[in-house]
Amino acid sequence: QYYLVQILLQQNDLAAAKKELAKIVDAKPDNIKIMLLQGEIALRENDLEKAQQHFLKAFKTKPHNRAAKKALVKINKLSKEAPDIPLNIDELIEKYLKLHSKDPQNSEYLFQLGYLYRLQQNLPAAKQYLNLCLQLTPKHYDALLIYSQILYQEGQFTEAEKKLAAVLEG
C-alpha cells in the first residue's frame, strides 16, 4: 500500500493518496516511510507546519534519514529567513518573489521559487525558475533533481535522463 500511495501522489491524486495512507497509518504508526508520506501530503496541502511535524517525527525516529533531514532543513530555512511569514506556500512564494526582485542573481531564491511552484503543481512556473537557477548555478543539485522529476512527470524521458546524468556527475 505504501507504493500505491507514492503512485497516487505522482499522479497528483491527493484525495486517494490520503485515503490509502489512512488505511496503513494505524497499522504502522512508527514506520518512517509513512511519516515521510504524511509530510509530503501536508506539503501538497500547503500545510507546512503539519509537514514539519511529520518530517521532524521521521527525523527523530531515524536521524540519518536523508529525505527527512532535507525536508526539515528546507522548511526551517524558509522560517529562519523570514520568521514573520506564516507557513503557507502562497505567502512563501510572494516573499521569495520580493526577495528575488531585490537580488535577481541569487540562485537560491530562484530554486526556492521553483520548488514551491512544484509543490503547487504549477509545473511551467517551476520549470521557469529552476531553469533560471540552473543558468546561474549549473550544478545546483536540488534544482537539477527537481527539474528532472518534472520532465519525467511530463513524459520527457530523454531530457529527464540528461538532467539526472548531470545530478550524478555533480
Side-chain angles (χ1 to χ4, degrees), residues 1-22 24 33-48 50-52 54-55 58 65-75 77-78 87-101 104-170:
Q1 281 181 319
Y2 167 78
Y3 296 108
L4 176 59
V5 174
Q6 282 187 311
I7 290 168
L8 291 168
L9 283 173
Q10 286 177 347
Q11 295 172 346
N12 243 359
D13 191 346
L14 198 55
K18 283 177 70 171
K19 184 179 176 182
E20 289 301 318
L21 186 59
I24 56 176
K33 291 179 182 178
I34 291 172
M35 293 174 209
L36 293 172
L37 285 172
Q38 289 173 311
E40 178 67 24
I41 288 172
L43 277 176
R44 292 187 185 201
E45 292 179 322
N46 294 338
D47 189 344
L48 295 184
K50 189 174 183 181
Q52 186 177 30
H54 290 298
F55 290 128
N65 184 280
R66 196 169 175 203
K69 190 183 291 186
K70 272 182 110 171
L72 281 171
V73 165
K74 197 161 289 191
I75 290 170
K77 183 176 182 186
L78 291 173
L87 295 177
N88 173 296
I89 290 178
D90 292 326
E91 292 177 17
L92 289 170
I93 287 172
E94 292 272 331
K95 180 67 173 181
Y96 273 103
L97 285 171
K98 286 178 187 173
L99 291 170
H100 170 61
S101 71
Q105 298 300 308
N106 187 316
S107 64
E108 194 57 33
Y109 295 157
L110 293 165
F111 168 72
Q112 293 299 338
L113 285 163
Y115 175 75
L116 291 166
Y117 279 121
R118 180 174 184 264
L119 289 176
Q120 288 185 324
Q121 292 302 308
N122 182 344
L123 301 184
K127 285 171 55 176
Q128 174 190 347
Y129 284 101
L130 291 170
N131 191 38
L132 289 170
C133 172
L134 291 169
Q135 287 175 14
L136 293 172
T137 312
K139 298 233 182 233
H140 193 292
Y141 175 84
D142 291 324
L144 286 166
L145 187 61
I146 290 173
Y147 200 102
S148 67
Q149 291 170 342
I150 292 170
L151 291 171
Y152 181 81
Q153 188 175 345
E154 293 178 334
Q156 298 179 40
F157 303 115
T158 304
E159 289 301 313
E161 189 177 296
K162 289 178 187 175
K163 294 284 186 205
L164 282 175
V167 169
L168 296 174
E169 289 172 7

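Computed from a predicted structure; not experimentally measured. Count residues from 1 along the sequence.
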Problem - Exam field: side chain Arg44 to backbone Leu9, donor-acceptor pair closer than 3.5 Å - result: yes
Handout entry: NZ (Lys70) with more than 12 external heavy atoms under 6.0 Å
Key = yes
Handout entry: Nearest-0.5 Å distance, CG of residue Leu92 to CG of residue Leu119
Key = 9.5 Å
Fill in the blank from the handout: What one should report as the nearest heavy-atom pair of Leu97 and Tyr129 is CD2-OH, 3.3 Å
Practice task
I would like to know whether Leu8 and Lys18 meet side-chain contact (heavy atoms from CB on, under 4.5 Å); could you show each step before the answer?
Solution key: CA-CA 9 Å; Leu8 291 168; Lys18 283 177 70 171; over 6 Å; no
Practice task
Compare all side-chain heavy atoms of Lys33 with those of Tyr3 and state whether any distance is below 4.5 angstrom.
Solution key: yes
Fill in the blank from the handout: Nearest heavy-atom contact between Pro104 and Leu110 is O-CD1, 4.1 Å
Handout entry: Criterion side-chain contact (heavy atoms from CB on, under 4.5 Å) on Leu145 and Leu164, from CA distance to verdict
Key = CA-CA 6 Å; Leu145 187 61; Leu164 282 175; 4.0 Å; yes
Problem - Close side-chain approach of Leu37 to His54, heavy-atom, < 4.5 Å - result: no
Handout entry: For the student: nearest non-hydrogen atoms of Tyr147 and Lys163, plus distance
Key = CD2-CE, 3.6 Å
Completion exercise
d(Lys95 NZ, Glu91 CD) to nearest 0.5 Å is 11.5 Å
Practice task
Given side-chain contact (heavy atoms from CB on, under 4.5 Å), test Glu159 with Glu154 step by step and report yes or no.
Solution key: CA-CA 10 Å; Glu159 289 301 313; Glu154 293 178 334; over 6 Å; no
Practice task
To the nearest 0.5 Å, tell me how far Lys162 NZ sits from Thr158 OG1.
Solution key: 7.0 Å
Exercise for the section: Would you tell me whether Gln112 and Glu108 have side-chain atoms, one donor and one acceptor, within less than 3.5 Å of each other? Expected result: yes
Handout entry: Validation row: Ile146, Phe111 side chains within 4.5 angstrom (heavy atoms)
Key = yes
Exercise for the section: Tell me, with the steps shown, if Tyr152 and Phe157 meet ring pair (Phe, Tyr, Trp, His ring centres under 6.0 Å). Expected result: CA-CA 5 Å; Tyr152 181 81; Phe157 303 115; 5.1 Å; yes
Practice task
Return the minimal non-hydrogen interatomic distance between Ala67 and Leu36, and the atom names on each side.
Solution key: CB-CD1, 4.2 Å
Exercise for the section: Please examine the side chains of Leu132 and Leu136, heavy atoms only from C-beta on, and report whether any two atoms are closer than 4.5 Å. Expected result: no
Completion exercise
Smallest heavy-atom separation, Thr137 atom then Ser107 atom, equals OG1-OG, 2.9 Å
Exercise for the section: Take Asp142 and Tyr115 through the side-chain contact (heavy atoms from CB on, under 4.5 Å) test and state the conclusion after the steps. Expected result: CA-CA 9 Å; Asp142 291 324; Tyr115 175 75; over 6 Å; no
Practice task
Measure the spacing between CG of Leu43 and CD of Gln52 and express it to the nearest 0.5 Å.
Solution key: 10.0 Å
Exercise for the section: State, with a plain yes or no, whether a side-chain heavy atom of Leu151 is found less than 4.5 Å away from one of Lys127. Expected result: yes
Exercise for the section: Return the minimal non-hydrogen interatomic distance between Gly114 and Leu130, and the atom names on each side. Expected result: CA-CG, 3.9 Å
